[in-house]
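Since the structure comes first, as structure tokens, the remarks are kept for the end.
Note on naming: letters A, B, ... go to the chains in the order of the sequence lines (proteins, then strands), and numbering restarts at 1 for each one.
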Amino acid sequence: MNRCFARSIAGFNVNKVCKLSCISFCTLIESSKIDDPIEVIKPPKDDDPIVVAESPEIPIWVKISENEDDFVLPSLSYWIDNYKRNEAKGYDETTISNKSDIDAKKITKVLRERFESLDSVVQALNDSRVTPSESLVAQMLKRFDNNWKSAYGVFIWAESHMGAKFSPAMYDVLIDCLGKSKKFDLMWEVVKQMVDIGENYVTINTMAKVIRRLGKAGMHEDSIDAFRRIEEFGVKRDLLTLNVVIDSLAKEKNVERANDIYLEFKDEIPPNSHTFNSLMHGWSKARQLGKVQTTMDEMREHGICPDVISYTTLIEAYCCEKDFRKVDLLLEEMQEKGCPPNIITYTIVMHALGKSKEIDKALKVYDKMKARGCVLDTSFYSSLIYILSKAGRLKDAREVFDEMPERGIKRDTQTYNTMITSVCKHTQEEEALKLLREMETKGVNPDFDTYAPLLKMCCKLKRMKVLSFLLTHMSDNNVSVGLGTYSLLVRGLCMNGKLKHACSFLEDAVMKGFIPYDTMFKMVETELEKEGMSEEKKRIQELKLIQPNTC
DNA sequence: GTAGGGTTAG
């Protein structure tokens with residue numbers, strides 16, 4: 001009785017009847033792309049047989065809709081072609097019942113619930129009767145890396161079933177995840193656990209993650225402190241770790257402290273080019289051109305010759321000042337000194353020219369490189385696509401994108417992201433979704449930056465159905481749906497008159513244990529006020545008072 | 001994780 005019959009799911013032929021368990025059916029429904037031409041005759045309930053039949057007319061989706069508004073009737077028929085193709089490939093029950101896939105989906109389903117505490121996550125996972133594996137955990141940590149409670153829950157649950165400790169690398173992933181969510185007490189607890197497991201469990205990688213995550217959270221003194229005490233964790237305090245802390249501080253807008261640390265330790269730990277390059281980069285980002293130059297001088301005084309990275313950093317600093325005359329001089333100097341510019345140097349120069357509306361000069365850099373037979377890479381092309389699109393030349397940008405394979409350059413995530421962003425900026429919805437689909441067929445993995453412009457565009461166009469499709473798509477592709485996503489959605493929906501949806505996303509974020517930015521609340525409240533929706537406003541204000549559970 | 005992707009609107 002636990003089996004049910006389904007017909008014509010997701011483009012399967014009507015004549016082809018497949019047997020699916022309830023769970024398979026639900027996972028299929030959950031993972032199915034938008035606008036499948038199906039009609040669920042009977043809503044799925046546990047242990048209930050399900051009958052699905054093809055809708056005779058337009059595709060209708062009747063499943064799980066509590067709110068009609070969420071499921072706008074489809075217009076994106078081209079997704080359906082995809083299914084036709086899948087059908088041709090013989091996509092059937094065997095494909096969808098792949099065990100590890102099913103496990104991943106089961107776990108994901110469990111983790112999408114809202115949990116009060118870490119213990120309740122672990123409990124729910126215990127009840128799921130899934131047997132954990134190392135690869136399943138790795139996948140889930142990635143999928144939920146913006147959601148510490150789920151990630152840590154999976155980790156604890158799995159380790160308790162595996163009968164052995166995870167590898168140091170897996171622990172490092174957990175450390176990074178907790179640091180990303182600013183759960184520093186928990187992060188340190190895990191570091192201590194690692195120390196207790198045995199020697200060499202904590203490595204320079206672990207401590208680099210700790211230092212960088214503290215730095216990113218603006219806790220610069222804590223990150224410096226972690227470096228000072230690093231030997232307590234069995235990691236040497238050497239040039240490698242010194243460079244990590246200097247680089248982290250320089251990147252996190254605290255190059256002054258980075259410089260302090262360099263001065264404090266330079267006698268004990270003699271710096272190398274890496275140290276100076278990080279400092280130069282920090283000064284450049286702080287828009288302190290003079291300091292970039294003096295750091296380079298100091299480098300020479302230490303008997304270290306500036307390398308291509310030092311020069312490139314200096315050039316980037318002049319690019320920020322739009323001093324392109326000086327940039328040209330430096331490019332010449334590099335040639336003379338036998339340290340010629342490389343592809344990265346040229347990409348920076350071209351990009352800066354393009355951003356400064358000097359598109360013709362930027363294209364001259366491109367021509368020069370082509371003429372010289374330079375090997376151009378994907379990042380270079382992404383820059384080119386970006387500046388062309390920014391200059392309003394979307395057609396040219398697309399042409400460059402299309403030409404890449406002919407020139408033997410593989411289009412990667414970054415290339416697709418740039419193209420998708422460009423197309424979305426011009427609100428070409430179909431094109432944008434086609435590109436996402438193309439990524440799928442070409443096996444290029446999407447990341448957060450792939451979805452962000454698409455989600456924004458959907459907010460603008462009020463495409464709620466596509467939006468919900470994209471969110472599922474994200475998670476299915478192991479791109480974690482975190483605070484960044486919620487923030488984008490709340491803002492986007494608020495600004496485009498989808499207030500109720502903005503509220504429910506805000507609520508969802510709180511329930512998932514995220515602490516929304518103040519601006520998210522403010523924006524929603526102001527809009528609700530404007531619309532005179534006092535009931536909802538009260539609800540949101542109450543939401544603010546909910547203190548997230550820390551364990 | 002020593003240098004290259006652009007983000008919040010009006």
Starting at CD of A/Glu252 and ending at P of B/dT2, how long is that distance when rounded to a whole Å?
14 Å

Name all residues meeting the side chain to side chain donor-acceptor pair (under 3.5 Å) criterion together with A/Glu321; count only those two or more places apart in sequence or in a different chain, and write none if there are none.
A/Arg287

Are A/Phe324 and A/Tyr318 close enough that their ring centers fall under 6.0 Å?
no

List the atom pairs, donor and acceptor, that lie under 3.5 Å between side-chain atoms in residues 165-175 of chain A and the rest of the protein, sequence neighbours left out.
from: A/Ser167; atom 1: OG; to: A/Met170; atom 2: N; distance (Å): 3.3
from: A/Tyr171; atom 1: OH; to: A/Glu159; atom 2: OE1; distance (Å): 3.1
from: A/Tyr171; atom 1: OH; to: A/Glu159; atom 2: OE2; distance (Å): 2.8
from: A/Asp172; atom 1: OD1; to: A/Thr206; atom 2: OG1; distance (Å): 2.8

Going by a 90° cut-off around 0, is B/dG4 syn or anti?
anti

Using a strict heavy-atom distance below 4.0 Å, which residues from residues 397-410 of chain A are in contact with DNA chain B?
none

Could you check whether A/Glu438 pairs with A/Lys434 (Lys NZ or Arg NE/NH1/NH2 to Asp/Glu carboxylate O, under 4.0 Å)?
no

A/Lys180 meets the salt bridge (Lys or Arg N to Asp or Glu O under 4.0 Å) criterion, sequence neighbours left out, with A/Asp145

Could you tell me how far B/dG5 sits from B/dG1 if I compare only their C1' atoms? Round to whole Å.
16 Å

Between A/Asn277 and A/His281, is there a side-chain donor-acceptor contact under 3.5 Å, judged purely by atom types and distance?
no

Side-chain donor-acceptor distances from residues 222-239 of chain A under 3.5 Å, at least two apart:
from: A/Ser223; atom 1: OG; to: A/His220; atom 2: O; distance (Å): 3.4
from: A/Asp225; atom 1: OD2; to: A/Arg229; atom 2: NE; distance (Å): 3.4
from: A/Arg228; atom 1: NH1; to: A/Glu264; atom 2: OE1; distance (Å): 3.4
from: A/Arg228; atom 1: NH1; to: A/Glu264; atom 2: OE2; distance (Å): 2.5
from: A/Arg228; atom 1: NH2; to: A/Glu264; atom 2: OE1; distance (Å): 3.3
from: A/Arg229; atom 1: NH1; to: A/Glu232; atom 2: OE1; distance (Å): 3.1
from: A/Glu231; atom 1: OE2; to: A/Arg237; atom 2: N; distance (Å): 2.7
from: A/Arg237; atom 1: NH1; to: A/Arg228; atom 2: O; distance (Å): 3.1
from: A/Arg237; atom 1: NH2; to: A/Glu268; atom 2: OE2; distance (Å): 3.2
from: A/Asp238; atom 1: OD1; to: A/Leu240; atom 2: N; distance (Å): 3.3
from: A/Asp238; atom 1: OD1; to: A/Thr241; atom 2: N; distance (Å): 3.2
from: A/Asp238; atom 1: OD1; to: A/Thr241; atom 2: OG1; distance (Å): 3.1

Value in whole Å for how far the C1' atom of B/dG1 lies from CD1 of A/Ile211
12 Å

Test: A/Asp260 and A/Arg257 ion pair at under 4.0 Å:
yes

How does each nucleotide of nucleotides 3-10 of chain B score, in 5' to 3' order, for protein heavy atoms under 4.0 Å: base (B), sugar-phosphate only (S), or none (-)?
BBBBSS--

